[in-house]
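Comments concern the structure below.
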Amino acid sequence: MLRRKAMKKNFVDRYAMELEQSRDLNNTIVHIDMDAFYAAVEMRDNPELKDKPIAVGSMSMLSTSNYYARRFGVRAAMPGFIAKRLCPQLIIVPPNFDKYRAVSTEVKEILADYDPNFLAMSLDEAYLNITKHLQERQNWPEDKRKYFIKTGNPLENDKPRKEVNKLREHERSISPLLFDDSPPDLQSQGNPLQGNSEEEDNPQTLQNSIVFGTSAEEVVKEIRFRIEQKTTLTASAGIAPNTMLAKVCSDKNKPNGQYQVLPNRQAVMDFIKDLPIRKVSGIGKVTEKMLKALGIITCTELYQQRALLSLLFSETSWHHFLHISLGLGSTHLARDGERKSMSVERTFSEISKAEEQYNLCQELCSELAQDLQKEGLKVLYFNVVFLDFFNF
DNA sequence: GCGGATCAC
DNA sequence: TATGGTGATCCGC
């Protein structure tokens, strides 16, 4: 009996073994994330804002803040009036979504060159599978990987600002976002934006152009370079064998940085080891708290407690946890399916009068009707629901 | 199958 | 003065 127990793997470890067996390290997934996107666009287009703490949103809710404001603790999803208490000089800019959409389109045009099936998660975030691009790129001639450099407005860069003064003398970034807390990332090897004068033996540099290599890292540097040249905005990126890791990576050297987890098991495990589970997309506040109550903070602890978790949680949940603890994730980008639902909602202060409730509902219904018609859908159902709700 | 809870952005 | 809106998924009932 004892021997059987010792030899026979339980169902949790059996599944872990299966997962390990089918670990796929053959894809190169990239996660691109624009830095402080809305705030960066506003700063780019309004020089008045460039050396000030700003946030985009309203007194009720902020979408994002620039890095200056973040130093005061001003964060996305924070009410504006709270942010104002943390940072009285904070400038709150109302959002210009049409403009952000237009910039986003410009970025997407670049991304499509590397993966026509890239997956946009929002206006400022996307996943790419560059596996195929990398293969093709290996025998590309240099001139297909060569880009000319547009330098920033010298008047702007000469403007004495606290942040800028801390940068290297030969800093030539055209972006308003390179702050002192910007990671050194690209500055080491041939970042075109650094205009490194030591590279004068390189004819490419003299001609104000840059050639990117054929590795994944080089591809992503090229993508970020092109984004900055085209939009004057910076992006951060993560490179990894799956989406879960790529997403975590893109956060690591933010802003204006990138990070790669190499496609071998040891590199993945080293990266995962002390990673707080909260960093993983899909693990939110509530799950974090539940797992914390079990003494689980890091991915290593998540793996160590796999047996307990399989008893406490649903099958889909502990399977998900086991995936994370082994550093596994999607290796292909699921095509964006059709929309499954459409809704409108509003937060309001207490309403006791029936008539006001009715009017609000009427308003929501008519908004939803418009949205539905935009996509050419039937406006039949909810009228029935609406009338039914009010016993009409 | 529905509604609440959770999550991402 | 003041803490959002949209879409998706999972789970318990």
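First the proteins, then the strands, lettered A, B, ... as listed; each starts at 1.
If you measure from atom NE2 of A/His320 to atom C1' of B/dA8, you get 12 Å, rounded to the nearest angstrom. Put simply, CH2 on A/Trp318 is 17 Å from C1' on C/dC10, counting in whole angstrom units. Between the P atom of C/dC11 and the CE atom of A/Met290 lies a distance of 11 Å, rounded to the nearest Å. As rounded to whole Å, 13 Å separates atom P of B/dT6 from atom CZ of A/Phe321. At whole-Å resolution of the value, CG in A/Leu312 and P in C/dC11 are 14 Å apart. Computed from coordinates, the A/Phe313 CZ to C/dC10 P distance equals 16 Å when rounded to whole Å. Rounded to whole Å, the distance from OH on A/Tyr127 to P on B/dA8 is 10 Å. Computed from coordinates, the A/Glu315 CD to C/dC11 C1' distance equals 14 Å when rounded to whole Å.
For A/Thr316, no side-chain nitrogen or oxygen approaches OP1 or OP2 of C/dT9 to under 4.0 Å. Close to B/dC7, at under 4.0 Å from its OP1 or OP2, lies a side-chain N or O of A/Thr287. For A/Lys247 and B/dC9, the shortest distance from a side-chain N or O to OP1 or OP2 is below 4.0 Å.
The structure places CG of A/Asn139 at 9.5 Å from OG1 of A/Thr214, a figure rounded to the nearest 0.5 Å.
Note on A/Leu123: nothing from the nucleic acid sits closer than 4.0 angstrom, heavy atoms only.
Between A/Phe72 and A/Tyr68, the ring planes lie parallel to each other; the angle is under 30°, not in the 30° to 60° tilted range.
Each of A/Val103, A/Asn256, A/Asp35, A/Asp124 was evaluated against A/Leu233; a single residue qualifies, A/Val103, per the side-chain contact (heavy atoms from CB on, under 4.5 Å) test. The only option from A/Lys146, A/Arg137, A/Arg145 that meets the side chain to side chain donor-acceptor pair (under 3.5 Å) definition with A/Glu222 turns out to be A/Arg137.
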Check: Which nucleotides of nucleotides 1-7 of chain C have their base under 4.0 Å from a protein heavy atom (B), which only their sugar-phosphate (S), and which neither (-), written as one string 5' to 3'?
Finding: -BBBSBS
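The existence of a salt bridge linking A/Arg346 and A/Glu367 is confirmed by a sub-4.0 Å separation between a basic side-chain nitrogen and an acidic carboxylate oxygen. Using a 4.0 Å cut-off between a side-chain N of Lys or Arg and a carboxylate O of Asp or Glu, A/Asp33 and A/Lys247 do not qualify as a salt bridge.
Annotation: C/dT3 and B/dA8 have their P atoms spaced 24 Å apart (nearest Å).
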Checklist line | Stepwise side chain to side chain donor-acceptor pair (under 3.5 Å) test for A/Asp270 and A/Gln266 | finding: CA-CA 6 Å; A/Asp270 289 347; A/Gln266 194 54 53; 2.9 Å; yes
